[in-house]
A.B. asks: 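Let me give you the structure first, and then I'll get to my questions.
The first residue of the sequence shown is numbered 1, and numbering continues consecutively from there. Whatever order the structure lists ligands and atoms in, that order sets their numbers, starting from 1.
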Amino acid sequence: MRKNIYKSTNIKHLTNIKPIFDDNLPKLYIETYGCQMNVNDSEVVVSIMQDAGFSVTEDIEKADIILINTCSIRDNAEQRVWGRLDVFKQQKKKNKGLRIGVIGCMAERLKEQLLENQIVDIVVGPDAYRQLPELLQTVENGQKGINVLLSHEETYSDISPVRLDKNGVSAYVSIMRGCNNVCAFCVVPYTRGAERSRNPETIVREVKELVDNGYKEVTLLGQNVDSYVWVDPGNVTKTVNFAQLLEMVALVDAKMRVRFSTSHPKDMSNGVLYTMAMYNNICNYIHLPVQSGSTDILARMNRKYTREQYLERVQKIREIIHGCAISTDIIAGFCGETDEDHQLTLSLMREVGYDYAYMFKYSERPNTKAARHYTDDISEELKTQRLTEIIDLQNKLSEESNEKDIGKVFEILVEGVSKRSDDFLHGRNQQNKVVVFLKNNYKTGDYVMVKITGCSSATLKGEPIE
Ligand code: SAH
Ligand code: SF4
Ligand code: F3S
């Protein structure tokens with residue numbers, strides 16, 4: 001096994017944003033797990049691989065190389081990947097020349113350990129994707145390849161991701177990488193390294209490219225978008241913060257919707273809220289993960305805000321942005337969580353009245369602050385019970401939120417034909433809610449004014465109006 005030394009390949013602007021399907025070229029099959037950043041990273045990887053002469057296939061049987069872009073956030077995310085590797089093993093039995101690479105957060109966390117699995121040929125961390133073609137060459141020379149070095153500079157800012165979405169309407173744009181927070185439960189700072197912001201000019205260039213290719217919605221991605229800051233290397237007094245970046249992106253095209261994720265309650269500034277209120281095309285939607293409603297637990301999680309400070313941020317959102325939807329992330333059963341702490345989470349959920357939430361059982365991750373300093377002392381049974389209560393409450397809150405929308409008119413960006421019936425289209429309003437309505441003559445990518453006539457806890461139903 002040879003360890004490669006990280007070196008940035010020649011900076012050249014890769015601009016093809018379309019996948020190449022060509023049976024005469026070696027074919028890459030890529031599978032992605034984890035967050036939106038990983039989805040976008042896979043698109044960067046495809047760009048690099050296409051530049052190196054590969055084409056893309058969606059049929060695993062035809063693959064010459066399989067890359068699996070992995071997530072380490074919870075144990076079950078990793079278990080899923082191990083399960084897939086077993087499936088790929090069968091594939092390799094059928095095709096001896098097949099190469100298999102593990103990339104992303106699990107590659108970074110487990111490093112050489114992954115190469116102990118005989119079917120894995122290369123292991124590449126999130127900051128080393130430029131090296132993929134070279135590492136594959138190493139494999140052709142009969143060795144395994146690994147590069148898991150993290151970088152303080154890499155943002156892939158010169159690479160236009162090859163868009164793998166199916167609808168051609170919405171796209172992700174990474175504005176930063178890594179994370180400098182040390183939330184006690186979280187593995188991300190270890191798998192993604194230190195925070196760094198991307199040159200805003202390259203972000204605007206990418207958004208323009210998307211406009212030119214007919215895209216109608218961008219989501220700006222970062223683990224903590226509010227700490228985005230670009231310092232001009234030529235003039236360190238010239239900086240761009242997230243509110244300013246948001247404005248630059250909103251100004252690219254008034255018909256391009258702008259979303260972003262994730263906001264951190266400790267850093268979300270009023271400046272961002274005012275910018276959102278000022279531009280119609282910045283969506284009235286904020287994902288503001290709370291994790292817990294108990295100040296004690298928040299302190300132990302090292303989240304750096306209290307319940308009261310969080311609620312103050314929510315109040316400011318309501319004050320500055322009319323009709324802004326708020327969603328959140330919640331962890332049930334963090335170390336030392338008492339029943340009282342759990343009740344505080346439920347009461348905070350009611351107080352905010354979240355429109356939507358992603359809810360998880362605490363999963364201890366090796367080497368995190370929580371794993372080193374606290375005991376994972378809530379039984380699996382109690383975690384499940386608390387999570388169920390949280391989910392039941394959120395279902396009720398989502399339903400209430402949807403019922404309030406009945407009778408309202410929203411501008412919907414159409415994303416495609418409804419899965420249930422060809423006569424219906426689905427799209428989302430600014431608040432990120434899915435709306436289903438009669439197709440008429442509308443098509444994917446259209447903006448349609450829709451009056452809401454009914455709902456379930458998951459979707460709104462409506463009728464288009466002229
Ligand atoms: N950067 C984002 C979160 C990224 S991870 C933020 O700070 O909000 C997405 C979500 O996964 C987190 O918000 C958290 O709710 C959940 N999560 C992270 N680590 C976890 C763990 N060890 N167990 C359970 N859930 C976890
Ligand atoms: Fe993890 Fe916290 Fe960073 Fe989010 S802000 S990625 S939860 S360490
Ligand atoms: Fe994302 Fe999972 Fe990594 S949530 S940053 S892919 S650990």
Side-chain angles (χ1 to χ4, degrees), residues 31-42 45 68-81 102-110 125-127 148 150 172 174-196 221-228 260-268 286-293 297-298 300-305 310 313 326-335 337 345 354 356-372 374 376 378 380 383-384 386-387 390 394:
E31 212 168 89
T32 308
Y33 295 86
C35 61
Q36 297 165 328
M37 295 226 165
N38 252 18
V39 173
N40 191 232
D41 277 5
S42 285
V45 164
I68 179 161
N69 195 358
T70 59
C71 174
S72 286
I73 202 81
R74 285 168 290 275
D75 185 56
N76 56 11
E78 292 201 350
Q79 293 312 322
R80 206 167 307 144
V81 171
V102 180
I103 65 174
C105 289
M106 228 172 127
E108 193 61 49
R109 196 180 83 73
L110 295 171
D127 285 345
V148 289
L150 289 169
Y172 294 129
S174 290
I175 63 166
M176 59 208 293
R177 297 180 74 80
C179 183
N180 281 355
N181 296 310
V182 195
C183 300
F185 51 80
C186 185
V187 78
V188 172
Y190 310 96
T191 62
R192 295 255 159 186
E195 182 185 286
R196 65 223 97 124
L221 297 180
Q223 291 298 350
N224 177 2
V225 291
D226 302 289
S227 68
Y228 174 91
F260 54 87
S261 186
T262 305
S263 303
H264 197 301
K266 79 176 164 66
D267 296 319
M268 191 191 64
I286 297 181
H287 182 58
L288 196 65
V290 68
Q291 315 298 358
S292 167
I297 293 292
L298 288 170
R300 201 167 316 142
M301 286 176 164
N302 200 30
R303 286 289 287 182
K304 306 223 161 90
Y305 52 85
Y310 182 89
R313 288 289 79 200
I326 303 176
S327 61
T328 200
D329 292 347
I330 296 172
I331 296 176
F334 186 63
C335 314
E337 187 186 70
T345 296
Y354 289 112
Y356 193 79
Y358 300 88
M359 299 151 285
F360 316 102
K361 271 191 268 189
Y362 172 60
S363 162
E364 185 178 82
R365 309 311 293 131
N367 300 321
T368 53
K369 196 166 166 246
R372 284 181 281 120
Y374 310 129
D376 184 9
I378 309 300
E380 190 57 27
K383 281 182 188 170
T384 306
R386 287 179 181 168
L387 180 65
I390 289 169
Q394 186 52 47

A.B. asks: Quick check on salt bridge (charged side-chain N to carboxylate O under 4.0 Å, His left out): which of K361, R365, K383 does D376 satisfy it with?
C.D. replies: K383

A.B. asks: Looking only at the side chains, is there a donor atom on one of S227 and D267 sitting less than 3.5 Å from an acceptor on the other?
C.D. replies: no

A.B. asks: Mind checking whether I103 and T70 have side chains closer than 4.5 Å, heavy atoms only?
C.D. replies: no

A.B. asks: Between C186 and I73, is any pair of side-chain heavy atoms under 4.5 Å apart?
C.D. replies: yes

A.B. asks: Side-chain contact, heavy-atom cut-off 4.5 Å: H287 with Y358?
C.D. replies: yes

A.B. asks: Hey, does the Lys NZ or Arg CZ of R80 hover above the aromatic six-ring of Y33, less than 6.0 Å from the centre and inside 45° of the axis?
C.D. replies: no

A.B. asks: Do N224 and T262 have side-chain heavy atoms sitting under 4.5 Å apart?
C.D. replies: no

A.B. asks: Tell me, please: is Q223 in heavy-atom contact with ligand 3, that is, under 4.0 Å?
C.D. replies: yes

A.B. asks: Under 4.0 Å between a Lys/Arg side-chain N and an Asp/Glu carboxylate O for R109 and E78?
C.D. replies: yes

A.B. asks: Distances under 2.8 Å only: what protein N/O/S atoms are near atom 3 (Fe) of ligand 3, ordered by chain and residue?
C.D. replies: C105 SG

A.B. asks: Students should find this: residues with any non-hydrogen atom under 4.0 Å from ligand 2. What is the answer?
C.D. replies: C179, N181, C183, F185, C186, V188, P189, Q223, H264, R303

A.B. asks: Assess whether a salt bridge exists between R192 and D41, defined as any Lys/Arg side-chain N lying under 4.0 Å from an Asp/Glu carboxylate O.
C.D. replies: yes

A.B. asks: Quick one: side chain to side chain donor-acceptor pair (under 3.5 Å) partners of Y310, sequence neighbours excluded?
C.D. replies: Y354

A.B. asks: Tell me which residues fall inside the under-4.0 Å heavy-atom shell around ligand 1.
C.D. replies: I73, R74, F185, Q223, T262, P289, Q291, R303, D329, I331, F360, K361, Y362, S363, R365

A.B. asks: Measure the spacing between CZ of R303 and NZ of K266 and express it to the nearest 0.5 Å.
C.D. replies: 8.5 Å

A.B. asks: When you check the side-chain N and O atoms of N38 and T32, is any donor under 3.5 Å from an acceptor?
C.D. replies: no

A.B. asks: What are the two closest heavy atoms between D226 and S263, and how far apart are they?
C.D. replies: OD2-CA, 3.2 Å

